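These notes concern the structure reproduced below.
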Amino acid sequence: MKALSQRAQEMGLPMTIEMAKKARELSATGKQVISLSLGEPDFDTPDFIKESANEAMAQNYTHYMPVPGFADLRESIAAKFKRDNNLEYSADQIVVSTGAKQSLLNVFLTLVNPGDEVIIPAPYWVSYMDQAKYCGGEVKVLPTSKESGFKISAAQLESAITEKSKVLIFSSPNNPCGAIYSGEELAAIAKVVAKHPNLHIISDEIYELLNYGEIDHVSIASFPEVYNQTITVNGLSKGFAMTGWRIGYIGAPEWIAKACTKFQSNFTSGTNSVAQRACKAAVEADPASVKYMVDTFAARREKMVGWINEIPGFELDTPPGAFYVFPRVADLLGKKFNGQVLNTSLDLSMYLLEEGLVSTVPGDAFGLPGYIRFSYAAAEADLQEAVRRVKAAVAQLED
Ligand code: PLP
């Protein structure tokens, strides 16, 4: 008898992964799909990081290691937080995990009891929802829009908080829309959170380095009134093109770091030892060492925004960070192809995949229907061809 646990039945598969799977299925039939649905830099890991991994293997960093990460790595991460984010964390406040994904799950497991409220501004990264629910959290989604720059206001947050509110989680720069909260906006949010000592902030800063200069990156934990309520999450996947190495980390109050370590010791043990040594080289490096990637993304961003805005029914402002554009497509909903109505952005995204052979992710996956995410972590020629196909597919739609 197949008796799946309740947990297994309720756990969703991220729509981003589903879309990538569908794109692969179409490709397997010989169709030339352009995949813009995954959140992965199209660069290889820089050589200086790979060399440190080679050295680590030669030096036999091949054994079990401390569960929260090598002590010297945690010192280096603490120095990075100080250097880049004006944050004072000791090594005991840092836990290195198998990707920021595990860092986030550790924190949810540490903080959320069944019935606790988890506040998530939309659009949000897909796994926040499933991780929060897995821990029994009652999710309260705060919608935003293109008009608000996809950001919540302090007043919006304040009116959502109840005595059951335990966690506020957001990413800045944001996946899927590239929004970045300014220092002033974060200060206003911090002021509200500080009034509610039971509420914690999970600040996901994994796209920190993918910032195109319009809005400075600020860590909300740098506001002293919320330092003890905040968990700062970061990692190497995006900024250092290290998705496969699986390294994420947190800076947090020590009691939270300790509990995360306890979960990790039972679930996965310390993160891969060679990847940890490579991580040390990355966090110690001057962020300017990856500027060539950021410059490339910046150039593509300009082009993508121009091209996308030429598609009738697509509306897009220039996103200040990450490597996604998230145009509004609501005006196209209700249109038909071969008599079939495209009611949702999911329908539109599927249509673009099947008819245009371009894979995207619908806003529905990120809690904000009416929008579609395109990653521009792809070669410029592919981006241009993808937009041409999307435009042609949209031109076939009828009222
Ligand atoms: N947070 C956000 C906002 C992301 O987009 C991602 C990856 O897509 C992650 C966390 C997880 O990153 P990692 O590869 O370190 O697990």
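A quick note: this is a predicted structure, and the numbers were derived from the prediction, not measured. The first residue of the sequence shown is numbered 1, and numbering continues consecutively from there. Just follow the structure's listing: the first ligand is 1, and inside any ligand the first atom is 1.
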Identity and distance of the protein heavy atom lying nearest [atom]:
| atom | value |
| --- | --- |
| atom 11 (C) of ligand 1 | Trp125 CH2, 3.6 Å |
| atom 7 (C) of ligand 1 | Lys238 NZ, 2.9 Å |
| atom 15 (O) of ligand 1 | Ala100 N, 2.7 Å |
| atom 1 (N) of ligand 1 | Asp204 OD2, 2.6 Å |

Item checked: Contact check, side chains of Phe297 and Asp42, non-hydrogen atoms, under 4.5 Å ->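 The answer is yes, as the side chains (C-beta and beyond) meet within the 4.5 Å cut-off.
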
With heavy atoms only and a cut-off of under 4.0 Å, state how [X] meets ligand 1: side chain, backbone, both or neither.
| X | value |
| --- | --- |
| Tyr128 | side chain |
| Ser237 | side chain |
| Arg246 | side chain |

Note to self: As an exercise, identify every atom of ligand 1 less than 4.0 angstrom from a heavy atom of Gly99.
What the structure shows: 15 (O), 16 (O)

Notebook entry, point to check: More than 12 heavy atoms of other residues, nucleotides or ligands under 6.0 Å from CD of Glu147: is that the case?
Noted result: yes

Notebook entry, point to check: Mind checking whether Tyr128 and Phe108 have ring centres under 6.0 Å apart?
Noted result: no

Checklist line | Centroid-centroid under 6.0 Å between Phe366 and Tyr124 rings | finding: no

Check: Relative to atom 5 (O) of ligand 1, which among Thr243, Leu236, Asn175 owns the nearest non-hydrogen atom?
Finding: Asn175

Check: Do ligand 1 and Ile206 have nitrogen or oxygen atoms that lie under 3.5 Å from each other?
Finding: no

Next item on the list: Any chance you could lay out the side chain to side chain donor-acceptor pair (under 3.5 Å) test for Gln264 and Asn106, step after step, and finish with the verdict?
Entry: CA-CA 7 Å; Gln264 195 159 294; Asn106 283 341; 3.0 Å; yes

Next item on the list: Examine the side chains of Gln6 and Glu10 and answer whether a donor and an acceptor come within less than 3.5 Å of each other.
Entry: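 Per modelled atom types, Gln6 and Glu10 side chains form a pair under 3.5 Å.
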
Note to self: Between the side chains of Asp47 and Lys50, is the shortest nitrogen-to-carboxylate-oxygen separation below 4.0 Å, so that they form an ion pair?
What the structure shows: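 Looking at Asp47 together with Lys50, the answer is yes, because their closest N to O distance falls below 4.0 Å.
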
